[in-house]
Amino acid sequence: MKLNTELYGELEFNTEDIIIFKTGLLGLPKYKKYLLLSCWDKSLPFYTLYSTEENDFYFILIKADEFFTDYKIKLTSADKKALNYSEGDIVQVFNIVNFADDIEDITVNLKGPLVINLSGNIGKQVVLDSDKYDLKYPLFKKFSQALK
């Protein structure tokens, strides 16, 4: 299969590469099939979640635990069931990044992480029931404060 993308040009992929979000993402229930790609610049800690159903519809992601050492989520049994999780499966948590012109305005959604069972290519967006995490947390806040 092929997908024409703005960021990567033409991509070839197999059906097995597609990650299925059975219920879609919050507010986007009709888009259920995505490709998870490393950043176009391999030196950056970003990933792209590209829709295979809509041309040039994608999200930029991070692994929050690479940026925030205290970021931890606990999956419920319902989450594990939705992910077809079995003991030994590789599960990775990603967070959607909202870019802006000013680095201080770039935010990350810590409240609604995307959890992907990489062993089965099934994903689910989880909404954390805690006030500990924000929908729009300044991604580079600690770095920009250190530079001042």
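Treat the numbers as computed from the prediction; the structure is a model and nothing was measured. Heavy-atom basis, side chains included; hydrogens, waters and symmetry copies ignored.
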Calculate, to the nearest 0.5 Å, the distance between atoms [atom1] and [atom2] belonging to [X] and [Y] respectively.
X: Ile116; Y: Phe94; atom1: CD1; atom2: CZ; result: 5.0 Å
X: Leu135; Y: Asn98; atom1: CG; atom2: CG; result: 9.0 Å
X: Thr52; Y: Phe13; atom1: OG1; atom2: CZ; result: 5.0 Å
X: Ile18; Y: Leu35; atom1: CD1; atom2: CG; result: 6.0 Å
X: Glu6; Y: Asn55; atom1: CD; atom2: CG; result: 9.5 Å
X: Leu49; Y: Phe57; atom1: CG; atom2: CZ; result: 9.0 Å

Can you tell me if [X] has over 12 outside heavy atoms packed within less than 6.0 Å of its [atom1]?
X: Lys22; atom1: NZ; result: yes
X: Asp70; atom1: CG; result: yes
X: Asp102; atom1: CG; result: yes
X: Lys33; atom1: NZ; result: no

- Query: Do Phe99 and Phe46 have ring centres separated by under 6.0 Å?
  - Reply: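 Distance test on ring centres: under 6.0 Å, yes.
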Under 4.5 Å between any side-chain heavy atoms of Gln92 and Leu61, yes or no? no
Under 4.5 Å between any side-chain heavy atoms of Pro113 and Tyr133, yes or no?
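A side-chain contact is absent here, since even the closest heavy-atom pair is not under 4.5 Å.
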If two hydrophobic side chains count as joined below 4.5 Å and joins carry through other members, does [X] share a cluster with [Y]?
X: Val91; Y: Leu128; value: yes
X: Leu44; Y: Leu7; value: yes
X: Ile60; Y: Leu3; value: yes
X: Ile96; Y: Leu139; value: no
X: Ile62; Y: Tyr47; value: no

| said: Using the rule side chain to side chain contact (heavy atoms under 4.5 Å, CB included), only one of Val115, Val126, Leu75 pairs with Val93; which is it? | reply: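 Exactly one candidate clears the test, Val115.
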Only residue of Asn95, Asp131, Asp129 satisfying side chain to side chain contact (heavy atoms under 4.5 Å, CB included) with Lys111 is Asp131
Closest approach of [X] and [Y], non-hydrogen atoms and distance?
X: Phe21; Y: Gly123; answer: CD2-C, 3.3 Å
X: Gly112; Y: Gln125; answer: O-NE2, 2.9 Å
X: Lys32; Y: Gly24; answer: CG-N, 4.0 Å
X: Ala82; Y: Ile122; answer: O-CG2, 3.5 Å

* To do: State which residue, out of Tyr58, Tyr31, Tyr34, Phe59, fulfils the ring-ring contact (aromatic ring centres under 6.0 Å, His included) condition with Tyr50.
  =>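 Of the listed options, the one satisfying the test is Tyr58.
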- Message: Any salt bridge linking Glu10 with Lys2? Criterion: basic side-chain nitrogen under 4.0 Å from a carboxylate oxygen.
- Response: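 The answer is yes: the pair qualifies as a salt bridge.
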task: Apply side-chain contact (heavy atoms from CB on, under 4.5 Å) to Thr5 and Thr48, showing your working.
output: CA-CA 11 Å; Thr5 71; Thr48 309; over 6 Å; no
Exercise for the section: Using modelled atom types only, decide if a donor and an acceptor are shared between the side chain of Asn117 and the backbone of Leu83 within a distance under 3.5 Å. Expected result: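 Between the backbone of Leu83 and the side chain of Asn117 there is a qualifying donor-acceptor contact (under 3.5 Å).
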